[in-house]
Amino acid sequence: MRSSRPFSFFQCRLLTTARLARRPSILPLTASSSSSSLRQIRAPRTALYHTTQNLGNNQPQTSSPQAIVPRPTHAPKPVVDIKHIRQNPELYSKNALERNYPAAAAYPQRINELFAEWQTAQREARGLRERGNALRRLLTGPGSTSRDDPDNTVPPPTTREELLAEARQIKASLSTIEATESRLTAEMEDMALAIPNLTSEHTPRGDEPRVLSYINDHPETRPSASDRVWRSHIHVGAELGILDFAAGGTTSGWGWYYLLDEAAQLEQALVAYALKVASTAEWRQVSPPSIVYGHIAGACGFQPRDANGETQIYNLAGQADKAELVLAGTAEIPLAGMKAETTLDETELPSKRVAVSRCYRAEAGARGLDTKGLYRVHEFTKVELFAWTAPDVELTEEIFNEILALQTKILESLGLHCRVLEMPANDLGASATRKRDIEAFFPSRRERNDGWGEVTSASVCTDYQTRRLATRVRAGGKLAYPWTVNGTAMAVPRVLAAILENGWDETTKTVRIPKVLQPYMGQKETIGPPAHWPLVKPRKSSQSTPDQ
(Lines give C-alpha, C1' and ligand atoms only; values in the text may rest on other atoms or scores of the structure.)
Protein backbone atom coordinates (compact mmCIF):
# COMPACT_ATOMS: atom_id res chain seq x y z
CA MET A 1 0.00 0.00 0.00
CA ARG A 2 1.23 3.44 -0.86
CA SER A 3 0.78 6.89 0.54
CA SER A 4 2.68 10.12 0.23
CA ARG A 5 5.05 8.53 2.70
CA PRO A 6 5.64 4.90 1.78
CA PHE A 7 5.45 2.37 4.56
CA SER A 8 8.39 0.83 6.31
CA PHE A 9 8.78 -1.73 9.06
CA PHE A 10 10.21 -1.74 12.55
CA GLN A 11 11.27 -4.39 15.00
CA CYS A 12 9.72 -4.95 18.42
CA ARG A 13 11.53 -7.39 20.65
CA LEU A 14 9.12 -9.39 22.78
CA LEU A 15 11.56 -9.62 25.62
CA THR A 16 11.91 -8.41 29.13
CA THR A 17 14.42 -5.65 29.61
CA ALA A 18 16.94 -8.04 31.13
CA ARG A 19 16.73 -10.53 28.27
CA LEU A 20 16.90 -7.76 25.71
CA ALA A 21 20.13 -6.52 27.22
CA ARG A 22 21.68 -9.96 26.88
CA ARG A 23 20.72 -10.61 23.27
CA PRO A 24 22.15 -8.66 20.32
CA SER A 25 19.50 -7.29 17.97
CA ILE A 26 21.37 -8.19 14.78
CA LEU A 27 24.40 -10.28 14.01
CA PRO A 28 27.61 -8.72 12.73
CA LEU A 29 28.68 -9.07 9.13
CA THR A 30 30.76 -12.18 8.54
CA ALA A 31 32.46 -13.40 5.40
CA SER A 32 31.91 -17.05 4.68
CA SER A 33 34.13 -19.29 2.63
CA SER A 34 33.16 -19.61 -1.00
CA SER A 35 34.45 -21.40 -4.05
CA SER A 36 36.98 -19.79 -6.30
CA SER A 37 34.69 -20.01 -9.33
CA LEU A 38 32.61 -16.88 -9.94
CA ARG A 39 30.42 -18.25 -12.69
CA GLN A 40 27.59 -18.36 -10.16
CA ILE A 41 27.93 -16.08 -7.16
CA ARG A 42 26.41 -17.52 -3.99
CA ALA A 43 25.58 -15.31 -1.04
CA PRO A 44 27.54 -15.74 2.19
CA ARG A 45 25.85 -16.62 5.46
CA THR A 46 24.87 -12.99 5.92
CA ALA A 47 23.45 -10.82 3.18
CA LEU A 48 21.98 -7.38 2.60
CA TYR A 49 18.46 -6.73 1.38
CA HIS A 50 16.62 -3.46 0.89
CA THR A 51 13.10 -2.65 2.01
CA THR A 52 10.33 -2.80 -0.56
CA GLN A 53 9.73 0.92 -0.22
CA ASN A 54 11.91 3.96 0.13
CA LEU A 55 11.72 5.82 3.42
CA GLY A 56 9.41 8.72 4.06
CA ASN A 57 9.88 12.21 2.63
CA ASN A 58 11.69 10.74 -0.40
CA GLN A 59 14.91 10.56 1.53
CA PRO A 60 17.65 8.77 -0.43
CA GLN A 61 18.47 5.21 0.49
CA THR A 62 21.83 5.02 2.23
CA SER A 63 21.93 1.30 2.89
CA SER A 64 25.35 -0.30 2.87
CA PRO A 65 26.51 -3.91 3.13
CA GLN A 66 26.83 -3.39 6.87
CA ALA A 67 23.00 -3.47 7.21
CA ILE A 68 22.34 -7.16 6.89
CA VAL A 69 19.86 -9.92 7.51
CA PRO A 70 21.35 -12.85 9.45
CA ARG A 71 21.20 -16.04 7.38
CA PRO A 72 21.47 -19.42 9.12
CA THR A 73 23.17 -22.31 7.38
CA HIS A 74 19.84 -23.88 6.40
CA ALA A 75 18.62 -20.75 4.61
CA PRO A 76 18.20 -20.79 0.81
CA LYS A 77 21.43 -19.76 -0.91
CA PRO A 78 20.89 -16.80 -3.26
CA VAL A 79 22.48 -16.84 -6.71
CA VAL A 80 22.97 -13.36 -8.13
CA ASP A 81 23.79 -12.69 -11.78
CA ILE A 82 26.95 -10.86 -10.84
CA LYS A 83 28.42 -11.33 -14.33
CA HIS A 84 25.69 -9.13 -15.80
CA ILE A 85 26.42 -6.48 -13.18
CA ARG A 86 30.13 -6.56 -14.02
CA GLN A 87 29.42 -6.28 -17.73
CA ASN A 88 26.92 -3.41 -17.31
CA PRO A 89 28.17 -1.27 -14.40
CA GLU A 90 26.87 2.02 -15.84
CA LEU A 91 23.39 0.56 -16.36
CA TYR A 92 23.13 -0.62 -12.76
CA SER A 93 24.61 2.60 -11.35
CA LYS A 94 22.17 4.78 -13.30
CA ASN A 95 19.29 2.52 -12.29
CA ALA A 96 20.21 2.79 -8.59
CA LEU A 97 20.32 6.58 -8.78
CA GLU A 98 16.93 6.71 -10.56
CA ARG A 99 15.45 4.62 -7.76
CA ASN A 100 16.97 6.77 -5.02
CA TYR A 101 19.64 4.26 -3.90
CA PRO A 102 22.77 6.44 -4.07
CA ALA A 103 24.90 4.09 -1.99
CA ALA A 104 24.13 1.16 -4.31
CA ALA A 105 25.08 3.27 -7.33
CA ALA A 106 28.74 2.91 -6.38
CA TYR A 107 28.60 -0.87 -6.00
CA PRO A 108 28.92 -1.95 -9.69
CA GLN A 109 32.23 -0.13 -10.10
CA ARG A 110 33.44 -1.40 -6.75
CA ILE A 111 32.48 -4.95 -7.74
CA ASN A 112 34.64 -4.66 -10.87
CA GLU A 113 37.56 -3.39 -8.78
CA LEU A 114 37.19 -6.30 -6.37
CA PHE A 115 36.87 -8.71 -9.29
CA ALA A 116 40.18 -7.45 -10.69
CA GLU A 117 41.80 -8.11 -7.30
CA TRP A 118 40.20 -11.56 -7.25
CA GLN A 119 41.62 -12.36 -10.70
CA THR A 120 45.10 -11.26 -9.57
CA ALA A 121 44.84 -13.53 -6.54
CA GLN A 122 43.69 -16.35 -8.83
CA ARG A 123 46.72 -15.98 -11.09
CA GLU A 124 49.08 -15.89 -8.12
CA ALA A 125 47.45 -18.98 -6.65
CA ARG A 126 47.66 -20.81 -9.97
CA GLY A 127 51.42 -20.20 -10.17
CA LEU A 128 51.93 -21.42 -6.62
CA ARG A 129 49.86 -24.55 -7.27
CA GLU A 130 51.93 -25.38 -10.36
CA ARG A 131 55.12 -24.96 -8.38
CA GLY A 132 53.70 -27.08 -5.54
CA ASN A 133 52.71 -29.85 -7.95
CA ALA A 134 56.20 -29.91 -9.43
CA LEU A 135 57.75 -30.15 -5.97
CA ARG A 136 55.37 -32.97 -5.06
CA ARG A 137 56.43 -34.94 -8.10
CA LEU A 138 60.08 -34.34 -7.30
CA LEU A 139 59.63 -35.56 -3.74
CA THR A 140 57.71 -38.69 -4.73
CA GLY A 141 59.78 -39.64 -7.81
CA PRO A 142 62.90 -37.66 -8.65
CA GLY A 143 63.28 -39.50 -11.92
CA SER A 144 60.01 -38.18 -13.28
CA THR A 145 60.93 -34.51 -12.90
CA SER A 146 62.55 -34.06 -16.30
CA ARG A 147 59.69 -35.88 -18.04
CA ASP A 148 56.92 -33.94 -16.28
CA ASP A 149 58.83 -30.66 -16.22
CA PRO A 150 60.32 -30.18 -19.72
CA ASP A 151 60.77 -26.43 -19.13
CA ASN A 152 62.90 -27.05 -16.03
CA THR A 153 60.72 -24.86 -13.84
CA VAL A 154 61.96 -26.82 -10.84
CA PRO A 155 65.66 -26.19 -10.14
CA PRO A 156 67.87 -29.12 -9.28
CA PRO A 157 67.20 -30.17 -5.69
CA THR A 158 69.63 -29.51 -2.94
CA THR A 159 68.25 -31.46 -0.03
CA ARG A 160 64.91 -33.08 0.75
CA GLU A 161 64.51 -30.86 3.79
CA GLU A 162 64.75 -27.73 1.62
CA LEU A 163 62.10 -29.09 -0.75
CA LEU A 164 59.78 -29.85 2.16
CA ALA A 165 60.34 -26.38 3.60
CA GLU A 166 59.46 -24.76 0.28
CA ALA A 167 56.32 -26.93 -0.02
CA ARG A 168 55.19 -25.82 3.43
CA GLN A 169 55.78 -22.19 2.49
CA ILE A 170 53.68 -22.62 -0.67
CA LYS A 171 50.87 -24.20 1.34
CA ALA A 172 50.87 -21.27 3.78
CA SER A 173 50.88 -18.74 0.93
CA LEU A 174 47.97 -20.53 -0.76
CA SER A 175 46.01 -20.46 2.48
CA THR A 176 46.47 -16.68 2.71
CA ILE A 177 45.47 -16.17 -0.92
CA GLU A 178 42.36 -18.36 -0.56
CA ALA A 179 41.29 -16.33 2.47
CA THR A 180 41.69 -13.19 0.36
CA GLU A 181 39.63 -14.76 -2.43
CA SER A 182 36.85 -15.63 0.02
CA ARG A 183 36.83 -12.10 1.43
CA LEU A 184 36.67 -10.53 -2.03
CA THR A 185 33.92 -12.91 -3.10
CA ALA A 186 31.86 -12.16 0.01
CA GLU A 187 32.21 -8.40 -0.53
CA MET A 188 31.09 -8.72 -4.14
CA GLU A 189 28.13 -10.88 -3.15
CA ASP A 190 26.99 -8.46 -0.46
CA MET A 191 27.11 -5.54 -2.88
CA ALA A 192 25.38 -7.48 -5.66
CA LEU A 193 22.53 -8.37 -3.29
CA ALA A 194 22.21 -4.70 -2.29
CA ILE A 195 21.67 -3.49 -5.86
CA PRO A 196 17.95 -2.97 -6.69
CA ASN A 197 16.20 -4.69 -9.55
CA LEU A 198 16.46 -3.15 -13.00
CA THR A 199 13.56 -0.83 -13.79
CA SER A 200 11.00 -1.60 -16.48
CA GLU A 201 10.72 0.57 -19.56
CA HIS A 202 7.06 1.15 -18.59
CA THR A 203 8.11 2.89 -15.37
CA PRO A 204 8.30 6.72 -15.44
CA ARG A 205 11.63 8.08 -14.29
CA GLY A 206 11.67 10.64 -11.52
CA ASP A 207 9.19 10.86 -8.67
CA GLU A 208 5.88 11.68 -10.38
CA PRO A 209 3.44 8.85 -11.16
CA ARG A 210 1.58 8.66 -14.45
CA VAL A 211 -2.23 8.67 -14.21
CA LEU A 212 -3.56 5.91 -16.47
CA SER A 213 -7.30 5.80 -15.81
CA TYR A 214 -10.13 6.38 -13.35
CA ILE A 215 -12.67 4.06 -11.73
CA ASN A 216 -16.23 5.31 -11.09
CA ASP A 217 -17.29 8.96 -10.97
CA HIS A 218 -16.09 11.48 -8.43
CA PRO A 219 -18.55 11.56 -5.47
CA GLU A 220 -18.20 15.30 -4.94
CA THR A 221 -18.75 17.54 -7.92
CA ARG A 222 -18.24 20.55 -5.66
CA PRO A 223 -16.02 19.60 -2.69
CA SER A 224 -16.77 21.59 0.45
CA ALA A 225 -14.10 22.06 3.10
CA SER A 226 -16.78 22.54 5.79
CA ASP A 227 -17.93 18.94 5.25
CA ARG A 228 -14.53 17.48 6.15
CA VAL A 229 -15.10 16.74 9.85
CA TRP A 230 -18.28 14.78 9.23
CA ARG A 231 -16.84 12.88 6.30
CA SER A 232 -13.78 11.62 8.19
CA HIS A 233 -14.07 7.90 8.94
CA ILE A 234 -12.78 8.67 12.43
CA HIS A 235 -15.82 10.84 13.18
CA VAL A 236 -18.18 8.55 11.29
CA GLY A 237 -16.94 5.57 13.31
CA ALA A 238 -17.35 7.53 16.56
CA GLU A 239 -20.82 8.69 15.55
CA LEU A 240 -21.88 5.11 14.89
CA GLY A 241 -19.92 3.61 17.79
CA ILE A 242 -18.13 1.08 15.58
CA LEU A 243 -14.49 2.24 15.87
CA ASP A 244 -12.55 2.48 19.13
CA PHE A 245 -9.08 3.97 18.83
CA ALA A 246 -8.83 5.00 22.49
CA ALA A 247 -9.12 1.41 23.71
CA GLY A 248 -6.57 0.32 21.11
CA GLY A 249 -4.16 2.97 22.32
CA THR A 250 -4.63 1.91 25.94
CA THR A 251 -4.23 -1.77 25.16
CA SER A 252 -1.47 -1.75 22.54
CA GLY A 253 -0.42 1.84 21.76
CA TRP A 254 -0.67 4.14 18.79
CA GLY A 255 -1.56 2.37 15.55
CA TRP A 256 -3.89 -0.26 17.05
CA TYR A 257 -7.67 -0.14 17.11
CA TYR A 258 -10.89 -2.04 17.77
CA LEU A 259 -13.54 -2.70 15.11
CA LEU A 260 -16.96 -3.10 16.71
CA ASP A 261 -20.26 -4.54 15.53
CA GLU A 262 -20.89 -3.58 11.87
CA ALA A 263 -17.27 -2.52 11.38
CA ALA A 264 -16.08 -5.99 12.45
CA GLN A 265 -18.74 -7.53 10.20
CA LEU A 266 -17.64 -5.25 7.36
CA GLU A 267 -14.05 -6.47 7.74
CA GLN A 268 -15.15 -10.09 7.30
CA ALA A 269 -17.43 -9.14 4.41
CA LEU A 270 -14.57 -7.42 2.55
CA VAL A 271 -12.31 -10.44 3.04
CA ALA A 272 -14.98 -12.91 1.94
CA TYR A 273 -15.86 -10.86 -1.14
CA ALA A 274 -12.21 -10.46 -2.22
CA LEU A 275 -11.59 -14.19 -1.78
CA LYS A 276 -14.69 -14.99 -3.81
CA VAL A 277 -13.60 -12.77 -6.70
CA ALA A 278 -10.08 -14.23 -6.71
CA SER A 279 -11.22 -17.84 -6.31
CA THR A 280 -13.72 -17.45 -9.14
CA ALA A 281 -10.78 -16.35 -11.31
CA GLU A 282 -9.02 -19.62 -10.33
CA TRP A 283 -6.53 -18.23 -7.86
CA ARG A 284 -5.78 -21.05 -5.43
CA GLN A 285 -6.54 -20.10 -1.82
CA VAL A 286 -3.85 -20.44 0.87
CA SER A 287 -3.88 -19.82 4.61
CA PRO A 288 -0.23 -18.84 5.28
CA PRO A 289 1.71 -18.44 8.53
CA SER A 290 2.11 -14.97 9.98
CA ILE A 291 5.56 -15.75 11.41
CA VAL A 292 8.48 -16.27 9.01
CA TYR A 293 12.25 -16.44 9.18
CA GLY A 294 13.97 -13.09 8.92
CA HIS A 295 16.05 -14.27 5.95
CA ILE A 296 12.86 -15.18 4.05
CA ALA A 297 11.55 -11.64 4.58
CA GLY A 298 14.95 -10.31 3.51
CA ALA A 299 14.91 -12.36 0.33
CA CYS A 300 11.56 -10.80 -0.59
CA GLY A 301 12.97 -7.29 -0.20
CA PHE A 302 12.14 -6.52 3.42
CA GLN A 303 14.97 -5.79 5.84
CA PRO A 304 14.91 -5.61 9.65
CA ARG A 305 16.45 -2.14 9.85
CA ASP A 306 16.28 0.96 7.71
CA ALA A 307 19.15 3.11 6.51
CA ASN A 308 19.27 4.94 9.85
CA GLY A 309 19.49 1.73 11.84
CA GLU A 310 15.93 1.98 13.15
CA THR A 311 14.10 -1.30 13.63
CA GLN A 312 11.41 -2.00 11.03
CA ILE A 313 10.05 -5.54 11.46
CA TYR A 314 8.45 -7.00 14.55
CA ASN A 315 10.97 -9.56 15.71
CA LEU A 316 10.15 -12.53 17.93
CA ALA A 317 12.77 -13.13 20.56
CA GLY A 318 14.59 -16.45 20.76
CA GLN A 319 17.97 -17.90 21.54
CA ALA A 320 20.92 -16.01 20.11
CA ASP A 321 22.02 -19.03 18.08
CA LYS A 322 18.58 -19.64 16.57
CA ALA A 323 17.29 -18.33 13.26
CA GLU A 324 15.52 -14.99 13.61
CA LEU A 325 11.72 -15.07 13.38
CA VAL A 326 9.65 -12.03 12.39
CA LEU A 327 5.98 -11.14 11.97
CA ALA A 328 5.18 -10.94 8.26
CA GLY A 329 4.29 -7.49 6.97
CA THR A 330 2.33 -9.02 4.08
CA ALA A 331 1.27 -12.48 2.89
CA GLU A 332 3.60 -11.91 -0.07
CA ILE A 333 6.46 -13.07 2.17
CA PRO A 334 5.16 -16.48 3.29
CA LEU A 335 3.67 -17.07 -0.17
CA ALA A 336 7.04 -16.50 -1.83
CA GLY A 337 8.64 -18.71 0.79
CA MET A 338 6.34 -21.61 -0.13
CA LYS A 339 8.58 -22.47 -3.08
CA ALA A 340 11.97 -21.66 -1.53
CA GLU A 341 14.59 -24.24 -2.53
CA THR A 342 12.07 -25.85 -4.88
CA THR A 343 12.30 -26.72 -8.56
CA LEU A 344 9.04 -26.20 -10.42
CA ASP A 345 8.06 -27.78 -13.70
CA GLU A 346 7.17 -25.45 -16.54
CA THR A 347 3.71 -27.06 -16.71
CA GLU A 348 2.99 -25.66 -13.23
CA LEU A 349 3.33 -22.06 -14.42
CA PRO A 350 1.67 -19.71 -13.99
CA SER A 351 1.01 -20.75 -10.39
CA LYS A 352 -1.47 -18.35 -8.80
CA ARG A 353 -2.23 -18.01 -5.08
CA VAL A 354 -4.51 -15.83 -2.97
CA ALA A 355 -4.14 -15.56 0.80
CA VAL A 356 -5.77 -13.68 3.65
CA SER A 357 -3.55 -12.86 6.59
CA ARG A 358 -2.91 -10.49 9.42
CA CYS A 359 -0.13 -8.05 8.55
CA TYR A 360 2.23 -6.35 10.97
CA ARG A 361 3.93 -3.08 10.09
CA ALA A 362 5.56 -0.31 12.04
CA GLU A 363 4.85 2.47 9.57
CA ALA A 364 7.83 4.23 11.18
CA GLY A 365 8.31 7.83 10.11
CA ALA A 366 4.65 8.28 9.15
CA ARG A 367 3.31 11.20 11.12
CA GLY A 368 0.80 13.99 10.72
CA LEU A 369 -2.73 13.21 9.56
CA ASP A 370 -1.83 9.61 8.76
CA THR A 371 -1.37 8.84 12.46
CA LYS A 372 -5.10 9.24 13.01
CA GLY A 373 -7.60 6.60 12.05
CA LEU A 374 -7.30 3.47 9.94
CA TYR A 375 -5.17 4.77 7.11
CA ARG A 376 -1.82 3.86 8.67
CA VAL A 377 -1.88 1.16 11.35
CA HIS A 378 0.47 -1.48 12.75
CA GLU A 379 -1.79 -4.53 12.38
CA PHE A 380 -4.47 -5.21 9.82
CA THR A 381 -6.09 -7.84 7.62
CA LYS A 382 -5.17 -8.04 3.94
CA VAL A 383 -5.97 -10.33 1.02
CA GLU A 384 -2.90 -10.78 -1.18
CA LEU A 385 -2.45 -12.12 -4.71
CA PHE A 386 0.87 -13.80 -5.58
CA ALA A 387 2.01 -15.72 -8.65
CA TRP A 388 5.04 -17.46 -10.10
CA THR A 389 5.30 -17.09 -13.87
CA ALA A 390 7.59 -18.24 -16.64
CA PRO A 391 10.63 -15.95 -17.05
CA ASP A 392 9.00 -14.21 -20.00
CA VAL A 393 7.95 -10.58 -20.30
CA GLU A 394 4.69 -11.18 -22.17
CA LEU A 395 3.53 -14.13 -20.05
CA THR A 396 4.32 -12.22 -16.84
CA GLU A 397 2.50 -9.14 -18.09
CA GLU A 398 -0.63 -11.26 -18.63
CA ILE A 399 -0.70 -12.14 -14.92
CA PHE A 400 0.13 -8.55 -13.96
CA ASN A 401 -2.84 -7.33 -16.01
CA GLU A 402 -5.05 -10.04 -14.52
CA ILE A 403 -4.22 -8.79 -11.03
CA LEU A 404 -5.03 -5.22 -12.05
CA ALA A 405 -8.33 -6.38 -13.57
CA LEU A 406 -9.30 -8.12 -10.32
CA GLN A 407 -8.36 -5.04 -8.28
CA THR A 408 -10.41 -2.83 -10.59
CA LYS A 409 -13.42 -5.16 -10.44
CA ILE A 410 -13.40 -5.19 -6.64
CA LEU A 411 -13.04 -1.44 -6.18
CA GLU A 412 -15.52 -0.62 -8.94
CA SER A 413 -18.17 -2.89 -7.41
CA LEU A 414 -17.62 -1.24 -4.02
CA GLY A 415 -18.58 2.08 -5.59
CA LEU A 416 -15.29 3.81 -4.76
CA HIS A 417 -13.88 6.54 -6.98
CA CYS A 418 -10.27 5.62 -7.77
CA ARG A 419 -7.40 6.39 -10.08
CA VAL A 420 -4.85 3.97 -11.52
CA LEU A 421 -1.21 5.06 -11.45
CA GLU A 422 1.97 3.79 -13.08
CA MET A 423 4.41 4.42 -10.26
CA PRO A 424 7.73 6.19 -10.86
CA ALA A 425 11.20 4.71 -10.40
CA ASN A 426 11.72 6.78 -7.25
CA ASP A 427 8.80 4.99 -5.58
CA LEU A 428 9.83 1.41 -6.38
CA GLY A 429 11.24 -0.87 -3.75
CA ALA A 430 14.33 -2.94 -4.42
CA SER A 431 12.49 -6.02 -5.68
CA ALA A 432 10.00 -4.49 -8.14
CA THR A 433 10.79 -3.74 -11.76
CA ARG A 434 7.46 -1.93 -12.21
CA LYS A 435 4.48 -1.12 -10.00
CA ARG A 436 0.97 0.17 -10.38
CA ASP A 437 -1.03 1.62 -7.51
CA ILE A 438 -4.74 2.30 -7.28
CA GLU A 439 -5.71 5.22 -5.08
CA ALA A 440 -9.21 5.80 -3.73
CA PHE A 441 -10.76 9.16 -2.97
CA PHE A 442 -11.07 9.93 0.76
CA PRO A 443 -13.11 13.08 1.54
CA SER A 444 -11.11 13.55 4.76
CA ARG A 445 -7.85 13.71 2.77
CA ARG A 446 -8.84 16.59 0.47
CA GLU A 447 -6.14 18.75 2.03
CA ARG A 448 -3.62 15.93 1.68
CA ASN A 449 -2.80 14.69 -1.82
CA ASP A 450 -6.13 16.08 -3.13
CA GLY A 451 -8.01 13.34 -1.28
CA TRP A 452 -6.18 10.41 -2.85
CA GLY A 453 -4.89 7.51 -0.78
CA GLU A 454 -3.46 4.19 -1.92
CA VAL A 455 -5.64 1.10 -1.45
CA THR A 456 -3.99 -1.46 -3.74
CA SER A 457 -0.62 -2.08 -5.33
CA ALA A 458 0.64 -4.55 -7.95
CA SER A 459 4.29 -5.28 -8.74
CA VAL A 460 6.39 -7.34 -11.12
CA CYS A 461 9.60 -8.53 -9.43
CA THR A 462 11.12 -10.63 -12.28
CA ASP A 463 13.64 -13.08 -10.73
CA TYR A 464 14.72 -10.85 -7.82
CA GLN A 465 12.91 -12.95 -5.20
CA THR A 466 13.33 -16.39 -6.77
CA ARG A 467 17.11 -15.98 -7.06
CA ARG A 468 17.30 -15.12 -3.39
CA LEU A 469 14.96 -17.96 -2.40
CA ALA A 470 16.56 -20.57 -4.69
CA THR A 471 13.27 -21.15 -6.51
CA ARG A 472 13.88 -22.66 -9.94
CA VAL A 473 11.87 -23.92 -12.89
CA ARG A 474 12.83 -26.70 -15.29
CA ALA A 475 11.98 -25.71 -18.84
CA GLY A 476 13.17 -27.55 -21.92
CA GLY A 477 15.59 -29.59 -19.83
CA LYS A 478 17.27 -26.45 -18.48
CA LEU A 479 17.00 -24.76 -15.10
CA ALA A 480 15.94 -21.12 -14.90
CA TYR A 481 14.45 -18.75 -12.32
CA PRO A 482 10.69 -18.08 -12.53
CA TRP A 483 9.42 -14.54 -12.14
CA THR A 484 7.08 -13.36 -9.38
CA VAL A 485 4.12 -10.97 -9.45
CA ASN A 486 2.15 -9.75 -6.46
CA GLY A 487 -0.77 -7.47 -5.76
CA THR A 488 -3.29 -6.40 -3.13
CA ALA A 489 -6.78 -7.85 -3.49
CA MET A 490 -8.08 -6.16 -0.34
CA ALA A 491 -6.38 -3.95 2.25
CA VAL A 492 -9.20 -3.95 4.78
CA PRO A 493 -8.61 -0.86 6.98
CA ARG A 494 -8.17 1.60 4.13
CA VAL A 495 -11.05 0.24 2.05
CA LEU A 496 -13.24 0.14 5.16
CA ALA A 497 -12.35 3.78 5.87
CA ALA A 498 -13.13 4.76 2.27
CA ILE A 499 -16.54 3.05 2.47
CA LEU A 500 -17.39 4.84 5.73
CA GLU A 501 -16.42 8.23 4.35
CA ASN A 502 -17.93 7.91 0.87
CA GLY A 503 -21.09 6.13 2.05
CA TRP A 504 -21.87 8.51 4.91
CA ASP A 505 -25.19 10.33 4.86
CA GLU A 506 -25.12 13.32 7.19
CA THR A 507 -28.90 13.70 7.17
CA THR A 508 -29.77 10.18 8.30
CA LYS A 509 -26.52 9.53 10.16
CA THR A 510 -26.06 6.26 8.29
CA VAL A 511 -23.48 4.65 6.02
CA ARG A 512 -24.55 2.93 2.82
CA ILE A 513 -23.23 -0.65 2.58
CA PRO A 514 -22.08 -1.53 -0.96
CA LYS A 515 -24.53 -3.93 -2.58
CA VAL A 516 -21.90 -6.64 -3.20
CA LEU A 517 -21.19 -6.79 0.54
CA GLN A 518 -24.80 -6.96 1.71
CA PRO A 519 -25.08 -10.78 1.30
CA TYR A 520 -22.22 -11.11 3.79
CA MET A 521 -23.94 -8.77 6.29
CA GLY A 522 -27.38 -10.32 6.55
CA GLN A 523 -28.70 -8.27 3.58
CA LYS A 524 -28.32 -5.13 5.71
CA GLU A 525 -28.26 -2.03 3.48
CA THR A 526 -27.01 0.61 5.92
CA ILE A 527 -25.09 1.00 9.14
CA GLY A 528 -27.10 3.13 11.54
CA PRO A 529 -26.38 5.02 14.78
CA PRO A 530 -26.25 3.30 18.18
CA ALA A 531 -29.89 4.21 18.80
CA HIS A 532 -30.84 1.49 16.34
CA TRP A 533 -29.18 -1.18 18.49
CA PRO A 534 -30.90 -3.11 21.32
CA LEU A 535 -30.21 -1.31 24.58
CA VAL A 536 -28.44 -3.13 27.42
CA LYS A 537 -30.83 -3.48 30.35
CA PRO A 538 -29.60 -1.87 33.59
CA ARG A 539 -28.49 -4.13 36.39
CA LYS A 540 -31.11 -5.07 38.95
CA SER A 541 -30.59 -4.16 42.57
CA SER A 542 -29.27 -6.75 44.99
CA GLN A 543 -32.68 -6.78 46.68
CA SER A 544 -34.52 -7.83 43.53
CA THR A 545 -35.78 -11.38 43.29
CA PRO A 546 -35.04 -13.54 40.26
CA ASP A 547 -38.68 -13.27 39.19
CA GLN A 548 -38.82 -9.49 39.31
Identify every side-chain donor-acceptor pair in residues 272-280 under 3.5 Å, counting partners at least two apart or on other chains, and give the distances.
unit_1 : atom_1 : unit_2 : atom_2 : d
Tyr273 : OH     : Ser413 : OG     : 2.5
Ser279 : OG     : Leu275 : O      : 2.8
Thr280 : OG1    : Lys276 : O      : 2.7

Check for a donor-acceptor pair, side chain of [X] on one end and backbone N or O of [Y] on the other, with a separation under 3.5 Å.
X	Y	answer
Ser431	Cys461	no
Thr510	Gly528	no
Ser232	Ile234	yes
Asn486	Glu332	no
Asp437	Val455	no
His233	Gly373	no
Thr433	Ser200	yes
Glu501	Ser444	yes
Asn449	Gly451	no
Asn502	Ala498	yes

Indicate yes or no: at least one non-hydrogen side-chain atom of [X] is less than 4.5 angstrom from one of [Y].
X	Y	result
Val326	Tyr314	no
Leu243	Leu500	yes
Leu335	Met338	yes
Leu325	Asn315	no
Leu240	Asp261	no
Glu379	Arg358	yes
Asn426	Arg99	no
Glu90	Gln109	no

Residues which pass ring-ring contact (aromatic ring centres under 6.0 Å, His included) with [X], listed by chain and number, not counting sequence neighbours:
X	result
Phe386	Trp388
Phe442	Tyr375
Trp452	His417

For [X], does the [atom1] atom have more than 12 heavy-atom neighbours from other residues, nucleotides or ligands under 6.0 Å away?
X	atom1	value
Glu282	CD	no
Phe400	CZ	yes
Asp217	CG	no

Restricting to side chain to side chain contact (heavy atoms under 4.5 Å, CB included), what partner residues turn up for [X], sequence neighbours left out?
X	answer
Glu348	Leu344, Asp345
Ala475	Glu346
Asp81	Lys83, His84, Arg467
Asp392	Glu394, Leu395

Any side-chain donor paired with an acceptor under 3.5 Å for [X] and [Y]?
X	Y	answer
Arg419	Ser213	no
Ser357	Lys382	no
Arg353	Ser351	yes

Do His378 and Trp254 pass the ring-ring contact (aromatic ring centres under 6.0 Å, His included) test, and can you show the C-alpha distance, the side-chain angles, and the key distance before you say yes or no?
-> CA-CA 8 Å; His378 296 312; Trp254 168 84; 4.6 Å; yes

Please round to the nearest 0.5 Å and tell me the distance separating atom CG of Leu404 and atom CZ of Arg436.
->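 Between atom CG of Leu404 and atom CZ of Arg436 there are 5.5 Å.
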
Hey, could you give me the OH/CG distance between Tyr101 and Leu428, rounded to the nearest 0.5 Å?
->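 So the gap between those two atoms works out to 8.5 Å.
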
Checking side chain to side chain contact (heavy atoms under 4.5 Å, CB included) for the pair Ile215/Val420: CA distance, chi angles, key distance, verdict?
-> CA-CA 8 Å; Ile215 301 172; Val420 183; 4.2 Å; yes

Salt bridge (charged side-chain N to carboxylate O under 4.0 Å, His left out) contacts in which one or both residues fall within residues 192-203, not counting sequence neighbours =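 Not a single pair qualifies under salt bridge (charged side-chain N to carboxylate O under 4.0 Å, His left out).
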
Residue from Thr484, Thr396, Thr462 passing side-chain hydrogen bond (donor to acceptor under 3.5 Å, both in side chains) with Thr389 =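 For Thr389, the side-chain hydrogen bond (donor to acceptor under 3.5 Å, both in side chains) test succeeds with only one of Thr484, Thr396, Thr462, which is Thr396.
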
Would you list the pairs meeting side chain to side chain donor-acceptor pair (under 3.5 Å) in which at least one residue belongs to residues 397-411, sequence neighbours left out?
->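 Those involving residues 397-411 are Trp283-Glu402, Lys352-Glu402.
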
Residues in salt bridge (charged side-chain N to carboxylate O under 4.0 Å, His left out) contact with Arg205, at least two apart in sequence or another chain =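 Checked Arg205 against salt bridge (charged side-chain N to carboxylate O under 4.0 Å, His left out); matches are Glu98.
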
How would you list, by chain and number, every residue that makes a salt bridge (charged side-chain N to carboxylate O under 4.0 Å, His left out) with Lys524, sequence neighbours excluded?
->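 Result, salt bridge (charged side-chain N to carboxylate O under 4.0 Å, His left out) vs Lys524: Glu262.
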
Note: Glu422-Arg434 ion pair, threshold 4.0 Å (strictly below) =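 Result for this pair is yes, salt bridge flagged.
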
Answer yes when Lys435 and Asp427 have at least one side-chain N-carboxylate O distance shorter than 4.0 Å, and no when they do not.
->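 Between Asp427 and Lys435 there is a salt bridge, with a charged N closer than 4.0 Å to a carboxylate O.
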
For Tyr481 and Pro391, work out which heavy atoms get closest and say how close.
->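 Heavy atoms of Tyr481 and Pro391 come nearest at O-CB, 3.4 Å.
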
Looking at Leu469 and Ala336, what are the two nearest heavy atoms and their distance?
->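 The pair with the smallest heavy-atom distance is CD1-O, 3.6 Å.
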
Compute the ring centroids of His218 and Phe441, then answer whether they are less than 6.0 Å apart.
->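 They qualify: ring centres under 6.0 Å apart.
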
